[in-house]
Structure formats: structure tokens, C-alpha cells
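These numbers come from the heavy atoms of this one structure, side chains and all, not from hydrogens, waters or symmetry mates. Residue numbers run from 1 in the order of the sequence given.
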Amino acid sequence: MAAPGLTTEYKWTRYLPVADDYKEPDLVDCVHVEPSTRVDPAKELQFLAGATSVIDLSPAIGTEIRGKQLSTLTPGELDELSLLLGRRALLVFRGQDFAELSCERQKEIVSHFGRLHVHPVSGHVPGSREHLVFYRTKDNDVFRAGAATNRISTTLWHHDQSFERQPPSATFLTGLTIPARCGGDTEYVSMVAAYNRLSPSFAAYLETLTALHSGVEQGEDSSKVGGILRRTPVETVHPVIRVHPGTGEKSIFVNKAFTKHIVGLKREESDAILNFIYDFVAKATEFHARVRWEDATVIVWDNRITNHTVISDFGFEKGDIRHHFRITATGERPIPVEGKIPKDVLV
């Protein structure tokens, strides 16, 4: 079967996006157990034994791993992966057979890290709403359509779905077809490193703040074009600085896509703080890691302690497409710094 935009048989037909009008029930809170808490942090990680290459992408964030198949890892090794993910925020696995697995087996692996998330407005693969699909062709490139046509750049640093009461934690993004020439990379920034660079007094002030995260605009935008709206859009108040349940490290938790304002501050005050953070995060390249896609690559990142953005710098020569799928686990309700935010504020 030829894929939309292609004239030849397509290897990854089973991952082409579909949409339906199925309504998801509103999410309810669930207990999240961080896998890394089952690992002794003082012991050497055994799941990397036998890897042919383990290379850090930058001092602050990201490790590239070759010679280890995600599909073969035991539950105990996945716990270890969770610990390394908390420490490095971003893991890039090359040469993977992940896309060849059944959807159920893929979901089994990712569900080790938490409850699987169904995206409220995006298409999915046939038979699995937990598989979010990115399928970009010359005639269907949502990242460079709509509102983006009136922007100089489509770069948008963000946490995924940060408006959820329990936002995404571990995210698995698999590349199926990548632009033949180059481009279409994904870039990440460590929000832990960003926090650690702040002046202590300013960081201490941010620890006392909360911010409203909203999915309403995303839902409205989808409805305007006749798209999917699986469940009622939500708005949630989260701490501006959150604590990672596995490492105990603090990180900044606001983003340009879904954070609307800082609670209790006047608009100008809120905008000044948020815009400072957004500008700082975008420019602090010493905290960044840009991942170039290769065939059979799976990127795993911790959505709680990173911002990321796609780089829409590629063309569609010779019928090129950019095709990926994502499976996401949700984590805990964001943990504030102890003693800094009254408990009733985050109910």
C-alpha cells in the first residue's frame, strides 16, 4: 500500500495516522511509582553491559547508546534505565528493532514507566490510541501550517501536555522515515541545568510560585478545524519549580506552549518572569542537545526535566516525508520544593 504523499509501497503503513470520534473519559489521579526508586543509586548500572558505544551528547544532558536493544531489557534493567534517564534527562538509542515489535509489546515496555497517555487532539495508529503519530509531507505539514505561517520560526520549546494533573514523564519517540538529505532534528534542553544556573535568591523566589497550565487553547484550535477532541480540556496549577521523584533534583517547570501565567502576580510581573525563563532556556546552548535522526532510532526523554522542540529545517525533496510515533507514560503530580508552597494551593 502506498502512503499518502508517496507513489511506492511503504514499509510503515501500519503506523499511518487515523482519527476517530471516540471520547476518552476525563483522567483521574493514579498512584505513580518511579521505577528508579527500586534501584540502588550507589551501584553500577548493569543494563548497559555489552553496549558497543555509550557517549554523552553534552555535559549537561543526553547520552547516546548503541548495541543495546530496548526490546530485550528486563523489568530490573528498565528500572536502571529510569535511573539513568533521571540523571541524563535524554537517552538516544540507535539501531533499534522497536518499530518491528507489535504495538502491544511497545506499550508494555513504555507502561513500565507509568500510565500510558492518550493525546487529547491528535491522530493515532490503527488499533492503538496510545500511539501518537507525526506524519509530515509536503501537503500535510502541521508544524508549518496555520498560525506558524505568520511566525519567523516554528521553534517552540515545551513540555508535552504539561496541563495534565499528572503530566508525561518518560516519552519514547521512534523514527520511522526521516528526510533523505538532512534536517528535522529534535532539540532538548535540561531544565535542571537551567535551574542550577539561576541566582540562589531568584531560584528561592521561583520555588514559592505556581503557574496555570492550560489545554483549552489546544482543544479550541483542534475544534476550529474539525479535528479531534477526545476529552474535556483541563487547566491545572503546578509549581514553577518541581522536584524529581527519582533524583531529588529541582527543575524549572514552565513552557511557552501551555503555561499561561504565574498565579497571584499581575500580568506584567508574570510576563516578565516567564519571558525571562523562555529567553534564557532558548539561548542557553550549553544546556542543549540536538539529536540528529538516523534510521532505527528511539529517543527516550524525561518530560518533567526537559523542554524540547522539533527543528523544521527540512524540505520534501523526491517525495520525502518525516514520520515518527510516540508513546508516553505519565508520572506523578509535580512535587513542589518542600515547605515552599502551601498544600491546599495544589489541590
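- For the residue pair R88 / T63, a side-chain donor-acceptor distance below 3.5 Å is found, with atom types taken as modelled.
- Close placement of the F202 and F276 rings is indicated, their centers lying within 6.0 Å of each other.
- With 3.5 Å as the limit, one finds no donor-acceptor pair spanning the side chains of R94 and S53.
- Defined by atom type and a distance below 3.5 Å, a donor-acceptor pair is missing between the side-chain atoms of S169 and R304.
- Ring geometry, F253 versus H159: the interplanar angle falls from 30° to 60°, so the pair is classed tilted.
- Comment: E64 engages R66 in a salt bridge, judged by a side-chain N to carboxylate O separation of less than 4.0 angstrom.
- A distance below 6.0 Å separates the ring centres of H308 and W301.
- With respect to E164 and R231, a salt bridge is recorded, a charged nitrogen being found less than 4.0 Å from a carboxylate O.
- Other residues, nucleotides and ligands contribute over 12 non-hydrogen atoms within 6.0 Å of the CD atom of E235.
- No close placement of the H324 and W12 rings is indicated, their centers lying 6.0 Å or farther apart.
- For S201 and S199, the side-chain atoms include no donor-acceptor pair closer than 3.5 Å.
- Taking the side chain as every heavy atom from C-beta outward, K250 and V337 approach each other to under 4.5 Å.
- Within a 6.0 Å sphere centred on NZ of K107, heavy atoms belonging to other residues, nucleotides or ligands number more than 12.
- Alongside V263, the hydrophobic cluster contains L212, V237, I341, V345, L346 (criterion: ILVMFWY side chains under 4.5 Å).
- Remark: side-chain polar atoms of Q166 are paired, donor with acceptor, to backbone N or O of G331 under 3.5 angstrom.
- Between L265 and S270, the shortest heavy-atom contact is CB-N, 4.1 Å.
- Both L78 and L101 are assigned to one and the same hydrophobic cluster, defined by single-linkage of ILVMFWY side chains at heavy-atom distances under 4.5 Å.
- Distance alone, capped at 3.5 Å, is enough to place a donor-acceptor pair between the S102 side chain and the R105 backbone.
- The aromatic ring centres of F172 and F113 sit less than 6.0 Å apart.
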>> Show, in sequence, the C-alpha distance, side-chain angles and deciding distance for R38 and S82, and conclude whether the side chain to side chain donor-acceptor pair (under 3.5 Å) test is met.
In response: CA-CA 10 Å; R38 296 188 287 259; S82 174; over 6 Å; no
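- Between T210 and H238 the shortest side-chain heavy-atom distance does not fall below 4.5 Å.
- Side-chain atoms of H288 and E286 form no donor-acceptor pair, as typed in the model, at a separation below 3.5 Å.
- Dense packing is recorded around CZ of R290, with more than 12 heavy atoms of other residues, nucleotides or ligands lying under 6.0 Å away.
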>> Applying salt bridge (charged side-chain N to carboxylate O under 4.0 Å, His left out) to R292 and E294, what does each step give before you reach the verdict?
In response: CA-CA 7 Å; R292 182 166 186 175; E294 298 177 2; over 6 Å; no
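- The nearest pair of heavy atoms linking G86 to E249 is O-OE1, 4.2 Å.
- For the residue pair Q161 / H119, a side-chain donor-acceptor distance below 3.5 Å is found, with atom types taken as modelled.
- By the 6.0 Å and 45° rule, R129 stacks over the aromatic ring of Y22.
- The hydrophobic clustering, which links ILVMFWY residues whose side-chain heavy atoms are closer than 4.5 Å, places V118 and L116 apart.
- In this structure, V243 and G248 approach most closely via the heavy-atom pair CG1-O, 3.6 Å.
- With hydrogens and angles ignored, the 3.5 Å screen pairs a side-chain donor or acceptor of E77 with a backbone N or O of T74.
- Looking at D20 and R230, a side-chain N of the basic residue comes within less than 4.0 Å of a carboxylate O on the acidic one, giving a salt bridge.
- When all heavy atoms are compared, the tightest approach of A203 to Y195 is CB-CE1, 3.7 Å.
- Looking at every heavy atom in both residues, L85 comes nearest to A170 through CD2-CB, 4.1 Å.
- Side-chain contact check for S162 and H213: at least one donor-acceptor pair (N or O, by modelled atom type) lies under 3.5 Å.
- Under the 3.5 Å distance criterion, with hydrogens and angles disregarded, no donor-acceptor pair is assigned to the side chains of D160 and H117.
- For the side-chain contact (heavy atoms from CB on, under 4.5 Å) test with M191, the passing option among N196, I61, I252 is I252; the others fail.
- With no hydrogens or angles considered, no side-chain donor-acceptor pair links H261 and D271 at under 3.5 Å.
- Relative orientation of the F287 and F280 rings is perpendicular, given thresholds of 30° and 60° on the angle between their planes.
- Taking each heavy atom of Y10 and T13 in turn, the nearest pair found is O-OG1, 2.9 Å.
- Qualifying salt bridge (Lys or Arg N to Asp or Glu O under 4.0 Å) partners for E100, counting only residues two or more places apart in sequence or in other chains: K11.
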